[in-house]
Amino acid sequence: MGSDPQYAKYPLLPLSQHIFTITNPSSSKSNQQSSLKSLQDAITEHKMAPLYRYLAHPSEGILNATGESSSHSTKPTGRKPSAAGMVASKNSIPKVDLPWDESLYEKLKKENDEELEGYKKEEEEAAEKAGDMEVQAARGKRAEFWARVGDKDRAIAAYEEVFEKTGVLGTKIDLVLAIIRVGLFYGDKLLVKKHVDRAKALVESGGDWDRRNRLKAYQGLYLLTTRSYDLAAPLLLDSLSTFTSYELCSYSSLVVYAVLAGSVSLKRVDFKSKVVDAPEIKAILGDGEDKLLALSGAISAGPGADQEMKDVSSATPGGAKTAVNLTTLGSDQPEAEVAVDFSPLAELVGSLYTGSYRSFFGALAAVEVNFLSQDRYLYEHRGWFVREMRLRAYQQLLQSYRVVGLESMANDFGVSVDFLDRDLAKFIAAERIPCTIDRVTGKGIIETNRPDSKNKQYNDVVKQGDQLITKLQKYGQAVRLRGSERA
């Protein structure tokens, strides 16, 4: 058994979503106002002077909010390069009401200085009167302080200092996970990638089971931000049955990420077993009897359960049923989750699997509005996701037929013939769909050109064989030449 996770409270990642929401033109006015209030309350409650300056300072803040001294600023308004991962706007920051209050900033800064001085004295006293553990504890408090108030560089430096002085592997992993969250807060993908790799190396060197599972969620979320949905899907789906990383995201958010990643990347057989029939997902997206069965554990967790738990369950007498992850109801949950309408997501999954393409297109539009355009990790890739899901639906229908009428297919999807013609043409030109469209005769037909896998394999063998023979001939000539030189 490993020790309990440390350094898991800060930074507060929900705040980064609030910052994104108030700069997101797709968010409603009420959501923006709610996020703004939550952000202002958190800045005051947690004394976040560095973050307040980073966001709202009239000349240096990434939001460039209006305030008393903003009229004297000579800098043009607009997004700073360092804000690329935090805000939604591509070109300029929308006007948001996050005013700069110099007196508030000075008050928060003074309180920060006093708190920091207390940690410094605590560390000095520990160095004089106590042992290394007490000194490390004081350093850890200082690192969490910088993460709490929103100073990225100082937080990372402080975590690294604690990392260098500790020898406990579990603590080292927790410190690296904390740095990953700092990177996610500020949208620094390079920093996150570096430390995800670092955490993987530490876990492989002897990390406990709990931290291995927590890292799956971290790694899956990072891959989601880099559009590697095919790599993120198995990690996120595996995390559903053992999820405890509430410092990273809520369980509802994890379900959304896992379903979206699985829907766009998994083959049909895996999509059925790991998404459509997964009990953890049915417990959230299911309706009526399926939801009750999933919650009661009557449906096996199946492939969603962690592979490493098989040995444990087989050694346990009685063989209890595997139930869905219900830890969202426990006391470890940092705060109550906001109610989410999952019906568009459930409709997307169900209609794609059953081939109800007219409903699928409507559900895809609803998912784009309600999920892709509102989440900071999904927003950047929303256009790509919608396009790939349309492609998946087209491929799924066309692979069942040799010839399909263009008008008939347009009716199935609930779109016009011209739209379907243009949309398919893009995928055909990119060689994503092996078919041709003939609109010369009649109303148009789509003829699929199914690739002959046997002939392709034969051609590949012949081509690679020719290359191998050529290399062997060159090698033989070189050997003969060297032999004649020795003679």
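Only heavy atoms go into these numbers, but all of them, side chains included; no hydrogens, no water, no symmetry mates.
Taking the ring centroids of Y10 and Y7, they lie at or beyond the 6.0 Å cut-off. For F20 and Y379, the distance between ring centers is under 6.0 angstrom.
A perpendicular orientation is assigned to the rings of Y54 and Y186, their planes being inclined by more than 60° (bins at 30° and 60°). In this structure, W100 and Y52 have parallel ring planes: the angle between them is below the 30° cut-off, well short of the 60° mark. Classification of the Y257-Y377 ring pair by plane angle, with boundaries at 30° and 60°, yields perpendicular.
For the residue pair N31 / T21, no side-chain donor-acceptor distance below 3.5 Å is found, with atom types taken as modelled. Judged by distance alone, the side chains of S252 and S250 never bring a donor and an acceptor atom under 3.5 Å apart. Counted by atom type alone, S27 and Q374 present one or more donor-acceptor pairs between their side chains at under 3.5 Å. A donor-acceptor contact under 3.5 angstrom links the side chains of R181 and Y218, judged on distance only. Side-chain N/O atoms of R227 and H381 include a donor and acceptor closer than 3.5 Å.
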Please evaluate residues H18 and S16 with respect to the criterion side-chain hydrogen bond (donor to acceptor under 3.5 Å, both in side chains), reporting the C-alpha separation (whole Å), side-chain torsions for both, the decisive distance (0.1 Å), and the verdict. CA-CA 5 Å; H18 291 318; S16 61; over 6 Å; no

List the steps and the verdict of side-chain contact (heavy atoms from CB on, under 4.5 Å) for K200 and V196. CA-CA 6 Å; K200 286 169 61 179; V196 163; 4.1 Å; yes

Could you walk me through whether S253 and F371 pass the side-chain contact (heavy atoms from CB on, under 4.5 Å) test, one step at a time? CA-CA 10 Å; S253 296; F371 295 98; over 6 Å; no

The test is salt bridge (charged side-chain N to carboxylate O under 4.0 Å, His left out); show your working for K37 and D41 and say whether it passes. CA-CA 6 Å; K37 185 178 186 305; D41 291 345; 2.9 Å; yes

Run the numbers on K189 and E380 for salt bridge (charged side-chain N to carboxylate O under 4.0 Å, His left out), then give the verdict. CA-CA 13 Å; K189 295 178 183 177; E380 183 181 359; 3.0 Å; yes

I would like to know whether E447 and C435 meet side-chain contact (heavy atoms from CB on, under 4.5 Å); could you show each step before the answer? CA-CA 5 Å; E447 184 175 356; C435 69; over 6 Å; no

Evaluation steps, side-chain contact (heavy atoms from CB on, under 4.5 Å), between K9 and E247: CA-CA 6 Å; K9 189 173 182 180; E247 74 280 0; over 6 Å; no

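Side-chain contact between L397 and F413 is present, with heavy atoms from C-beta onward closer than 4.5 Å. Using a 4.5 Å heavy-atom cutoff, the side chains of L364 and F385 are in contact. Side-chain contact between V182 and I156: present, with at least one pair of heavy atoms (C-beta onward) separated by less than 4.5 Å. You'll find the side chain of L406 reaches within 4.5 Å of the side chain of D421, heavy atoms only. The side-chain heavy atoms of L223 and Y229, taken from C-beta on, include no pair separated by under 4.5 Å. You'll find the side chain of L248 reaches within 4.5 Å of the side chain of L184, heavy atoms only. The shortest distance between side-chain heavy atoms of L345 and L260 falls below 4.5 Å. Counting heavy atoms from C-beta on, the side chains of F342 and N370 never come closer than 4.5 Å.
Of the listed residues (T244, T242, D174), just one forms a side-chain hydrogen bond (donor to acceptor under 3.5 Å, both in side chains) with R214, and that residue is D174.
Identified under the salt bridge (charged side-chain N to carboxylate O under 4.0 Å, His left out) test for residues 399-409, with sequence neighbours left out: E407-K443.
Residues passing the side chain to side chain contact (heavy atoms under 4.5 Å, CB included) test with D341 are S343, P344, sequence neighbours excluded.
Counting heavy atoms of neighbouring residues, nucleotides and ligands inside a 6.0 Å radius, atom CZ of F419 exceeds 12 of them.
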